Amino acid sequence: MRVVFLGAPGVGKGTQADRIAAQYRLAKISTGDLLREAVRARTLLGLEAKSYMDQGKLVPDAVVIGLVREKLADPSCAAGFVLDGFPRTAPQAEDLGTVLMSKAMALDRVVNFQVPREDVVRRLSGRRSCLKCQATFHVGFAKPKADGICDRCGELLVQRSDDQREAIETRLKVYDEQTASLVRYYDERQLLSSLDASGSVDEVFQHLSRVLTPYQMR
Ligand code: AP5
């Protein structure tokens with residue numbers, strides 16, 4: 001199964017991508033996670049990406065496209081993948097189509113996560129993330145077992161620099177201006193499924209599993 005998760009920042013794409021990847025044994029490709037790893041490792045790419053990310057702006061297409069092409073070439077993606085946070089611009093979507101075609105592959109589904117704006121802001125401003133393993137929690141909706149400590153690896157949880165109010169506003173504006181048009185792009189290609197992602201994590205997962213079930217055996 002080859003799927004893309006589309007939607008505004010904070011709609012829960014990453015949370016569900018982890019669960020779907022585990023359920024269907026798919027590779028999870030999250031450009032946000034890849035970029036944060038590069039920032040943490042202080043690579044040249046990470047240093048270039050950091051200033052864009054801190055402000056809530058998109059990292060230049062060429063950088064992100066390079067990262068995704070590298071990942072898609074990895075054998076772990078041969079059995080299927082879930083793309084979380086990519087594509088986010090028209091050139092990224094075009095490039096993804098070209099790369100997949102060159103491998104005689106195609107997307108099965110693009111799922112558009114929909115959550116009211118006020119809920120998105122609540123989800124983002126309460127998010128706590130593990131810098132080491134990138135697991136995410138929420139101070140109200142998805143609390144870790146021990147306060148401020150990652151359930152998965154035991155590291156301290158922090159608030160992402162782009163989860164401050166000003167950066168959240170920029171990210172939502174950037175989404176409206178540069179990413180929202182991809183909904184129409186994939187709808188025109190008959191690949192789009194819209195998902196009401198406003199319920200609990202478990203409810204959204206059940207709903208999403210139902211949307212993806214027809215594609216798991218292809
Ligand atoms: P990225 O990490 O992709 O950020 P994003 O798209 O803004 O998405 P988020 O990770 O903020 O939200 P999400 O939808 O994954 O929600 P989550 O599951 O965490 O990108 C960060 C930056 O990297 C970008 O701003 C840009 O600079 C750069 N970048 C990345 N990709 C790029 C690209 N393709 N091109 C250019 N630049 C790129 O959930 C959010 C919170 O809500 C969590 O606390 C979670 O616990 C909670 N939650 C989840 N589901 C529920 C639920 N059902 N109910 C209640 N709470 C929930």
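Note that the structure is predicted; figures quoted are calculated from it, not measured. Order of appearance sets the numbers: ligands from 1, and atoms from 1 within every ligand.
For atom 15 (O) of ligand 1, the closest heavy atom belonging to the protein is Gly14 N, 2.8 Å. Closest to atom 4 (O) of ligand 1, if we only count protein heavy atoms, is Arg160 NH2, 3.4 Å. In this structure, atom 37 (N) of ligand 1 lies nearest to the protein heavy atom Val59 N, 3.0 Å. The protein atom (non-hydrogen) at minimum distance from atom 42 (O) of ligand 1 is Arg123 CB, 3.3 Å. The closest protein non-hydrogen atom to atom 35 (N) of ligand 1 is Gln92 NE2, 2.9 Å. At the top of the distance list for atom 26 (C) of ligand 1, counting protein heavy atoms only, stands Lys57 O, 3.5 Å. Taking atom 16 (O) of ligand 1 as the reference point, the nearest protein heavy-atom neighbour is Gly12 N, 3.2 Å. Looking only at heavy atoms of the protein, atom 9 (P) of ligand 1 is closest to Arg127 NH1, 3.3 Å.
Counting non-hydrogen atoms of neighbouring residues, nucleotides and ligands closer than 6.0 angstrom, the CD atom of Gln159 exceeds 12 such neighbours.
With sequence neighbours left out, the side-chain contact (heavy atoms from CB on, under 4.5 Å) criterion links Arg36 to Asp33, Met53, Gln134, Arg160. Checked against side-chain contact (heavy atoms from CB on, under 4.5 Å), Arg152 has the following partners two or more places apart in sequence or in another chain: Asp18, Cys133, Ala135, Cys150.
Heavy atoms only, all atoms of each residue included: Pro87 and Thr179 are closest at O-CG2, 4.5 Å. For the pair Leu191 and Asp108, the tightest heavy-atom approach, listed with the atom from each and the gap, is CD2-O, 3.8 Å.
Taking all heavy atoms of Arg128, Gln178, Arg171, Arg88 into account, the minimum distance to atom 24 (C) of ligand 1 is reached by Arg88. Of the listed residues (Thr31, Val115, Leu35), the one carrying the non-hydrogen atom nearest atom 29 (N) of ligand 1 is Leu35. Of the listed options Met53, Arg122, Lys13, His138, Met53 places a heavy atom closest to atom 22 (C) of ligand 1.
Polar contact with ligand 1: present for Thr15 (N/O pair, distance under 3.5 Å). Where the criterion is an N or O separation shorter than 3.5 Å, residue side chain and backbone included, Gly56 fails it with respect to ligand 1. Every N/O-N/O distance between Asp163 and ligand 1 stays at or above 3.5 Å. Taking any N or O of Ala197, backbone or side chain, none lies under 3.5 Å from an N or O belonging to ligand 1. Between Val204 and ligand 1, a contact under 3.5 Å exists for no N or O pair. Looking at Gly10 next to ligand 1, an N or O pair under 3.5 Å apart turns up.
Using a distance-only test at 3.5 Å, with no hydrogens or angles considered, a donor-acceptor pair links the side chain of Gln55 to the main chain of Ser51. No donor-acceptor distance shorter than 3.5 angstrom exists from the side chain of Gln114 to the backbone of Gly7, with no hydrogens or angles considered. Counting only distance, with no hydrogens or angles, the side chain of Arg189 and the backbone of Tyr185 share a donor-acceptor pair below 3.5 Å. A donor-acceptor pair is defined here as one N or O able to donate and one able to accept, closer than 3.5 Å; no such pair exists between the side chain of Thr89 and the backbone of Gln178. Judged purely by atom type and a 3.5 angstrom limit, Asp187 has no side-chain atom pairing as donor or acceptor with the backbone of Leu192.
Listed by number with element, the atoms of ligand 1 under 4.0 angstrom from any heavy atom of Arg36 are 2 (O), 21 (C). Remark: ligand 1 atoms within the under-4.0 Å shell around heavy atoms of Val201 are 50 (N), 51 (C), 52 (C), 53 (N). Set against the non-hydrogen atoms of Leu124, the atoms of ligand 1 under 4.0 Å away are 11 (O). Every atom of ligand 1 with a heavy atom of Phe137 under 4.0 Å away is listed here by number and element: 43 (C), 44 (O), 46 (O). Contact atoms of ligand 1 toward Phe141: 55 (C), 56 (N) (distance under 4.0 Å to a heavy atom of the residue).
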(request) Output, in order, the C-alpha distance, side-chain angles, deciding distance and verdict of salt bridge (Lys or Arg N to Asp or Glu O under 4.0 Å) for Asp74 and Lys71. (result) CA-CA 5 Å; Asp74 194 279; Lys71 274 282 161 190; 5.5 Å; no

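Heavy-atom separations between Gly199 and ligand 1 include at least one value shorter than 4.0 Å. Residue contact check for ligand 1: Gln55 places no non-hydrogen atom closer than 4.0 Å to it.
Interatomic distance, CG of Leu58 versus CG of Leu35, reported as 10.5 Å (0.5 Å rounding).
At a 4.0 Å heavy-atom cut-off, ligand 1 touches Leu58 through backbone and side chain alike. Neither the backbone nor the side chain of Ala17 comes within 4.0 Å of ligand 1, counting heavy atoms alone.
With salt bridges taken as basic N to acidic carboxylate O contacts below 4.0 Å, one links Arg184 and Glu188. For the pair Asp162 and Arg127, the salt-bridge criterion is not met [side-chain N within less than 4.0 Å of a carboxylate O].
The cluster map of Ile, Leu, Val, Met, Phe, Trp and Tyr, joined by side-chain heavy atoms under 4.5 Å apart, puts Val3 and Val211 in the same cluster.
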